[in-house]
Amino acid sequence: FQSGFERGSTIMLGALAGGDIFGHFGISGADNGADLIQLILDNEMIGHVKRMLRSFEVTDMTISLDTIKETGIGGNYIAHPDTLQNYKKEIYYPELSDRFIWDKWESNGSRTILDKAFEKESKIMKTHEQKFLDDGTKKECQKLIGSYKKELGIT
């Protein structure tokens, strides 16, 4: 719990401050090691944070004041075609988190977010193909690193 709480706070506060690069994803302990399961869980959390920080589209179409007036008190705004056309753009669909009610979650196998993370890790390990930089890109990277080393006085 503490790890999740601290990660969530750190990611959200950093993102609110305008940060877009975080170096601690997938790290376990006090920078003691990296873990693919932790990276998968961190990625899920990042998805939530990115959605929270993304603004809502506010236009005449999305506000749909005419639709609200049309449905009126006691009307079904949610079932109106305009609402059905727009609402899915604002919903975040997480990959691992579960939003089902308890009975539905149980009937789907009672899989936890950690169960799903282990399944994803297994899939990644079975299907991932390592890709290497081509020679031209490698040379450009080495050239860039060399210029930075020179600038910093590192030999």
Side-chain angles (χ1 to χ4, degrees), residues 1-134 137 140-141 144-145 148:
F1 174 84
Q2 181 175 341
S3 173
F5 177 80
E6 288 177 5
R7 286 170 186 281
S9 298
T10 301
I11 292 168
M12 180 57 88
L13 290 172
L16 286 170
D20 61 357
I21 298 175
F22 300 88
H24 63 282
F25 300 138
I27 300 298
S28 298
D31 294 339
N32 293 328
D35 181 62
L36 183 55
I37 294 293
Q38 187 62 63
L39 184 60
I40 291 167
L41 294 170
D42 288 347
N43 186 62
E44 180 83 354
M45 189 180 320
I46 293 162
H48 285 275
V49 169
K50 284 173 71 174
R51 175 57 192 100
M52 285 185 267
L53 294 178
R54 183 172 58 89
S55 184
F56 294 97
E57 182 182 348
V58 180
T59 64
D60 288 341
M61 179 64 172
T62 59
I63 292 174
S64 221
L65 196 54
D66 292 337
T67 304
I68 293 169
K69 289 176 184 176
E70 180 186 320
T71 56
I73 296 173
N76 192 341
Y77 176 77
I78 299 298
H80 193 280
D82 289 349
T83 306
L84 294 173
Q85 179 182 343
N86 288 308
Y87 86 96
K88 287 186 179 181
K89 290 188 275 182
E90 301 302 340
I91 295 176
Y92 173 68
Y93 296 97
E95 185 178 348
L96 304 175
S97 302
D98 199 315
R99 293 185 173 162
F100 291 114
I101 61 170
W102 189 267
D103 294 342
K104 179 75 172 166
W105 174 75
E106 282 186 321
S107 70
N108 284 342
S110 307
R111 291 170 42 237
T112 67
I113 192 170
L114 194 54
D115 295 330
K116 293 176 188 178
F118 276 109
E119 290 169 13
K120 184 170 181 172
E121 177 197 39
S122 178
K123 182 179 177 184
I124 290 169
M125 297 304 286
K126 288 177 185 170
T127 61
H128 176 72
E129 292 183 29
Q130 190 171 3
K131 295 179 184 174
F132 297 95
L133 297 176
D134 61 74
T137 305
E140 284 297 314
C141 288
L144 185 63
I145 291 168
Y148 285 128

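Counting heavy atoms from C-beta on, the side chains of Phe25 and Asn43 never come closer than 4.5 Å. Residues Tyr77 and Ser64 form a side-chain contact, since some pair of their non-hydrogen atoms from C-beta on lies under 4.5 Å apart. Residues Ile124 and Ile40 form a side-chain contact, since some pair of their non-hydrogen atoms from C-beta on lies under 4.5 Å apart. Here the side chains of Phe56 and Thr62 are not in contact, with every heavy-atom distance at 4.5 Å or above. The shortest distance between side-chain heavy atoms of Pro94 and Arg99 falls below 4.5 Å. Contact check for Glu90 versus Arg54: side-chain heavy atoms found under the 4.5 Å cut-off. Side-chain contact between Asp60 and Leu65: absent, with no pair of heavy atoms (C-beta onward) separated by less than 4.5 Å.
Within the model, atoms CG of Leu41 and CG of Leu36 stand 9.5 Å from one another, a figure rounded to the nearest 0.5 Å. Rounding to the nearest 0.5 Å gives a distance of 7.5 Å between CG of Asp42 and OG of Ser3. Taking CZ from Phe118 and CG from Leu96, the interatomic distance works out to 12.0 Å, rounded to the nearest 0.5 Å. Interatomic distance, OG1 of Thr67 versus NE2 of His80, reported as 4.5 Å (0.5 Å rounding). Between Met12 atom CE and Leu16 atom CG the span is 5.5 Å, to the nearest 0.5 Å. We find the CG-CG distance between Asp82 and Asp66 to be 8.5 Å, quoted to the nearest 0.5 Å.
A donor-acceptor pair under 3.5 Å is absent between the side-chain atoms of Thr83 and the main chain of Ala79, judged by distance alone.
Glu44 and Lys116 are not joined by a salt bridge, as no carboxylate oxygen comes within less than 4.0 angstrom of a charged side-chain nitrogen.
Between Ile11 and Ile46, the shortest heavy-atom contact is CD1-CG1, 4.1 Å. When all heavy atoms are compared, the tightest approach of His48 to Ser97 is NE2-OG, 3.3 Å. Val49 and Ala15 make their closest contact through CG1-CB, 4.0 Å (heavy atoms, listed as atom of the first residue, atom of the second, distance). Residue Leu114 comes nearest to Ile37 through the heavy atom pair CD1-CG2, 3.9 Å, listed as atom of the first residue, atom of the second, then distance. Closest approach of Ser110 and Asp115 over heavy atoms only: O-OD2, 4.0 Å. Nearest heavy-atom pair, Gln2 versus Glu6, reported as atom, atom and distance to 0.1 Å: NE2-OE2, 2.7 Å.
For Tyr148, the OH atom counts as loosely surrounded, since its 6.0 Å shell holds 12 or fewer non-hydrogen atoms of other residues, nucleotides or ligands.
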Test log, rule side-chain contact (heavy atoms from CB on, under 4.5 Å), inputs Ile63 and Val58: CA-CA 6 Å; Ile63 292 174; Val58 180; 3.5 Å; yes
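Listed by chain and number, the residues in a side-chain contact (heavy atoms from CB on, under 4.5 Å) with Ser122 are Lys126 (sequence neighbours excluded).
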